[in-house]
Each structure stands twice: as C-alpha cells, then as structure tokens.
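Encoded as structure tokens, the structure appears first; notes follow it.
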Amino acid sequence: MTTSPHPFTSESWPIAVCMHGFAPVAADGTRLHDASGESWDAVFRQIERLGFTAVEIADSHIRPSDLEPTRRAELKAIANSHGVELLSVHVQRQSVIEPGKGEQNLAYAHQAIDAAAELGMSVFSTGLHQPFSEAQRKALWFWTAQGPVDPDDAETRALAVRRLRELGEHAASVGLPMSLEMYEDTYLGTADSAVRLIEEIGLDNVGLNPDIGNLVRLHRPIEDWREMHEKTLPYANYWHVKNYIRDEAADGSWQTAVPTSLELGLINYRAMVARAVEVGFRGPFLMEQYGGDSLGVCASNRDYLRTLLPEQAGA
C-alpha cells in the first residue's frame, strides 16, 4: 500500500459497530435475519443512540444475500432512517476451502458481494475461519479451545489463493475492496503467512484486516504484537479493533487472556493507529467486543479511537 493523504479527520473517519451486542436469535426463536421491520428498527435505534453512524452486518445475524430484494431495501431504509450506514458485510466461518463445503461457500460469498454492492456498502469482509468445533461451542470463551486448522499443504493453499482471487476480482468489478481477517490456524493466522497470501492473490483491492486481537487472546505462545502489526499494517484496508488483557508465564508454561477496552489491553493502539496512518492505512474501523455490554464498550472504544486519529485531513 502506498502512502497518500488521508481524506478524513478524527471526527469523520468511518468507524462502525459490530453486531455482537444483538442476539442473533430472539427468545421466541426468531432469527434476527427473519425478524420484523419493527425488530430491525429497534436494533438501529440502539445503534443511533450510542452515536454510531455505521454498522458492519455480520452474516451470523443477517445474511443480506439471502434476503428478498424488498427486504434488503427495507434493511437499508431502516438503517438510513436512523442515520446509520451499512458499511460492510462480514462473511464469517464460511471458508472457501472448508472440507466438503468450499465450493458452496465460494458461491455464497459471490452472492454476498453482489448484495453488498446493491446495498451501497464500502467493504466486503471475509476470511478463512471455519465453523466452531464442538469444544469451542462448549467453552466459556471459544478461543480457549481448539478449532479447525488449515492444512500445511501447498495444493490447498493454492486453492485458497485461486478462490480468494476470484472473489477479489468480483469485488473489484462492483467497486468494492475485499478485506481478509487474520485468524489463528488459518493461512491468515500469522503475520508472514497473511502477508504472503495477499501477495499471492495479487490484487490491488484485496488487503488485510489486521485483527491481531484474534491472536493476542489465544491461550498459547504468540508472535510479538508489535512485530505482527509492523508486518501487516502496510497491507491493511479495513480494521477490526479490539483488545485483551493478556498474561503469561516467563517459562511459557501458561497463557491467559480476557476481553477489555482498547485503552487498557496489551495492544498499544495509540502507537499502532499512528503507525497505520503513517504507512498508508485509509480504511474504515470496526469496533468489536466480546462479553459484557458489547455495544457500550464499542461506543467508549470509538470515542477513545477518535482521540488517536489525525485532527485534520491529510495531516
């Protein structure tokens, strides 16, 4: 990524909220995807009250490509009535190399790109993480249990590159950047592998979502968070930001991590945001939080983040 003057100020830089604070399935069993317009309105009213003007639609909650065109239009109209932009769609746990489902997931991702373009979104976001393992579903924090692992196999990696390049070309054809989320035990699971994957795909509109919080939280040895950011930030075009308090034994015998605010966790976002802007990051941010009042923490994290961003465009 080449450095260029950024078009935003600290107040205008796009910062979206995640959907973790909303139940994907209501108490009566209705999926948010199938909910009434009134239920959607309540969601966006909360987003508006928290001061957010953008949201990432996670397909764990709403799958835009599976909505009828009239319902997609309704979703956008309701969001806009609260001053909220549908910034991105995040296709998660639908890996294009998932055994037995890769081709199906690829077709679904193509549909998601078309829906994102129809809705006027700014980013198509995805990754290579797969559905939770049974152990992850049972754990208090899913990252403390082992999930699926991408094989150390050149043929499978090449397949991932081909399919992701195909999606990137589609996204480019409708004017969308595509961002790939870093996630453990995938080909996006280390800084070097993630950067190499972007270079192998080789498209200007395909970049990284350097969500290194996904790696800092692991109860295992990890790369140095500073080095991971230094390697990946030049390739970033969208950024899920969250933080964790991490502790570990000096002899490597144990590691632990729990969610916290951007300001208090292990990652120094004051330094990392400054570095990101310095090396050319111009993409939107997504506030993400697990546990507790996710929406409330996302709002306070947004306010903190704005103090870290340049006060003047191009500064």
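Keep in mind it's a predicted model, so treat the numbers as computed, not measured. The figures that follow rest on heavy atoms only: side chains count, while hydrogens, waters and symmetry mates do not.
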Worked check of ring pair (Phe, Tyr, Trp, His ring centres under 6.0 Å) between Y244 and W225: CA-CA 12 Å; Y244 294 83; W225 60 269; over 10 Å; no
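- Taking each heavy atom of L295 and C18 in turn, the nearest pair found is CD2-O, 4.3 Å.
- Separating the CG atom in D211 from the CD atom in E288 is a distance of 5.5 Å, to the nearest 0.5 Å.
- Residues passing the side chain to side chain contact (heavy atoms under 4.5 Å, CB included) test with D152, sequence neighbours excluded: none.
- Taking every heavy atom of both residues into account, P24 and S60 meet most closely at CB-O, 3.5 Å.
- Residue D204 places its CG atom among 12 or fewer non-hydrogen atoms of other residues, nucleotides or ligands, all under 6.0 Å distant.
- Looking at L164, N209, L167 one by one, the single match for side chain to side chain contact (heavy atoms under 4.5 Å, CB included) with L180 turns out to be L164.
- In plain terms, the two heavy atoms of G207 and N237 that are nearest each other are N-ND2, 3.2 Å.
- Placement of L188 and V149 in two distinct hydrophobic clusters is found when ILVMFWY residues are connected by side-chain heavy-atom separations under 4.5 Å, directly or transitively.
- Of the charged side-chain nitrogens involved, at least one lies within less than 4.0 Å of a carboxylate oxygen, so that R45 and D41 count as a salt-bridged pair.
- In plain terms, the two heavy atoms of I15 and M287 that are nearest each other are CG2-CG, 3.7 Å.
- Side chain to side chain, H20 and Q289 fail the donor-acceptor criterion of an N or O pair below 3.5 Å.
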Report the C-alpha separation of R275 and H229 in whole Å, then their side-chain angles, then the decisive distance to 0.1 Å, and conclude whether the side-chain contact (heavy atoms from CB on, under 4.5 Å) test is met. CA-CA 9 Å; R275 181 59 176 152; H229 281 95; over 6 Å; no
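- When atom types are taken as modelled, the side chain of R93 and the backbone of P131 share no donor-acceptor pair closer than 3.5 angstrom.
- In this structure, V123 belongs to a hydrophobic cluster whose other members, linked by side-chain heavy atoms under 4.5 Å apart, are L87, Y238, L286.
- Under the rule for a salt bridge (charged side-chain N to carboxylate O under 4.0 Å, His left out), E223 has no partner lying at least two apart in sequence or in another chain.
- One hydrophobic cluster holds both V206 and L159 under the rule that ILVMFWY side chains link at heavy-atom gaps under 4.5 Å.
- No chain of hydrophobic side-chain contacts below 4.5 Å, direct or via other Ile, Leu, Val, Met, Phe, Trp or Tyr residues, connects F22 to V25.
- Applying the side-chain hydrogen bond (donor to acceptor under 3.5 Å, both in side chains) test to pairs two or more places apart or on separate chains, none has a residue in residues 291-310.
- In this view, A171 and I113, L176, M178, N205 satisfy the side chain to side chain contact (heavy atoms under 4.5 Å, CB included) rule, not counting sequence neighbours.
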Check step by step if side-chain contact (heavy atoms from CB on, under 4.5 Å) holds for E74 and L67. CA-CA 10 Å; E74 182 183 18; L67 295 172; over 6 Å; no
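- With sequence neighbours excluded, the residues that form a side chain to side chain contact (heavy atoms under 4.5 Å, CB included) with E199 are V195, Y235.
- Remark: R196 engages E200 in a salt bridge (charged side-chain N to carboxylate O under 4.0 Å, His left out) (not counting sequence neighbours).
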Run the numbers on L128 and V96 for side-chain contact (heavy atoms from CB on, under 4.5 Å), then give the verdict. CA-CA 7 Å; L128 290 172; V96 295; 4.1 Å; yes
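- Under a hydrophobic-cluster definition in which Ile, Leu, Val, Met, Phe, Trp and Tyr are linked whenever side-chain heavy atoms come within less than 4.5 Å, directly or via other members, I201 and F124 are assigned to the same cluster.
- Between the side chains of E248 and H219, no donor-acceptor pair of N or O atoms lies under 3.5 Å.
- Judged by distance alone, the side chain of D59 and the main-chain N or O of V91 form no donor-acceptor pair under 3.5 Å.
- In this structure, the separation between CD on E227 and OG1 on T232 is 11.5 Å, given to the nearest 0.5 Å.
- Looking only at distances, a side-chain donor or acceptor of R246 sits under 3.5 Å from a matching main-chain atom of V216.
- Between F132 and F142, the ring planes are tilted. Angles from 30° to 60° get that label.
- Remark: L32 CG to I57 CD1 distance equals 8.5 Å, nearest 0.5 Å.
- For the atom pair E56 CD and Q92 CD, the distance stands at 8.0 Å (nearest 0.5 Å).
- In the hydrophobic clustering of ILVMFWY residues, with side-chain heavy atoms under 4.5 Å counting as a link, F8 and Y269 come out together.
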Working for side-chain hydrogen bond (donor to acceptor under 3.5 Å, both in side chains), residues T186 and Q130: CA-CA 9 Å; T186 72; Q130 297 184 32; over 6 Å; no
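- Scored by the salt bridge (charged side-chain N to carboxylate O under 4.0 Å, His left out) test, R270 finds no partners at all (sequence neighbours excluded).
- Applying the salt bridge (charged side-chain N to carboxylate O under 4.0 Å, His left out) rule to D192 yields the partners K231; only residues at least two apart in sequence or on another chain are considered.
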Derivation and outcome, side-chain contact (heavy atoms from CB on, under 4.5 Å), residues E11 and E311: CA-CA 8 Å; E11 290 305 311; E311 292 184 271; over 6 Å; no
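- With sequence neighbours left out, the ring pair (Phe, Tyr, Trp, His ring centres under 6.0 Å) criterion links F44 to no other residue.
- Nearest approach of I267 to G213, heavy atoms of both residues: CD1-N, 4.0 Å.
- The closest donor-acceptor contact from the side chain of N105 to the backbone of S95 lies under 3.5 Å.
- Although no hydrogens or angles enter the test, the distance criterion places no donor-acceptor pair under 3.5 Å between the side chain of R165 and the main chain of A160.
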Which side-chain N or O atoms in residues 254-264 pair as donor and acceptor under 3.5 Å with protein atoms at least two apart or in another chain?
unit_1 : atom_1 : unit_2 : atom_2 : d
Q255   : OE1    : R220   : N      : 3.3
Q255   : NE2    : G252   : O      : 3.2
S261   : OG     : L264   : N      : 3.3

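- Annotation: ring pair (Phe, Tyr, Trp, His ring centres under 6.0 Å) contacts of Y183 (sequence neighbours excluded): H129.
- Distance CD1/I198 to OG/S179: 7.5 Å, rounded to 0.5 Å.
- Aromatic pair F281/W239: centroids less than 6.0 angstrom apart.
- Ring orientation note: the planes of W13 and H6 are tilted relative to one another, at an angle of 30° to 60°.
- Pairing each heavy atom of N214 with each of E184, the nearest pair is O-OE1, 3.5 Å.
- By the 4.0 Å N-to-carboxylate-O rule, E68 lies too far from R71 to be salt-bridged with it.
- At least one donor-acceptor pair closer than 3.5 Å links the side chain of Q136 to the backbone N or O of S133.
- Residue-environment remark: CD (Q146) exceeds the threshold of 12 foreign heavy atoms within 6.0 Å.
- No donor-acceptor distance shorter than 3.5 angstrom exists from the side chain of N80 to the backbone of G83, with no hydrogens or angles considered.
- Of the inter-residue distances, the one linking M228 atom CE with M272 atom CE reads 11.0 Å to the nearest 0.5 angstrom.
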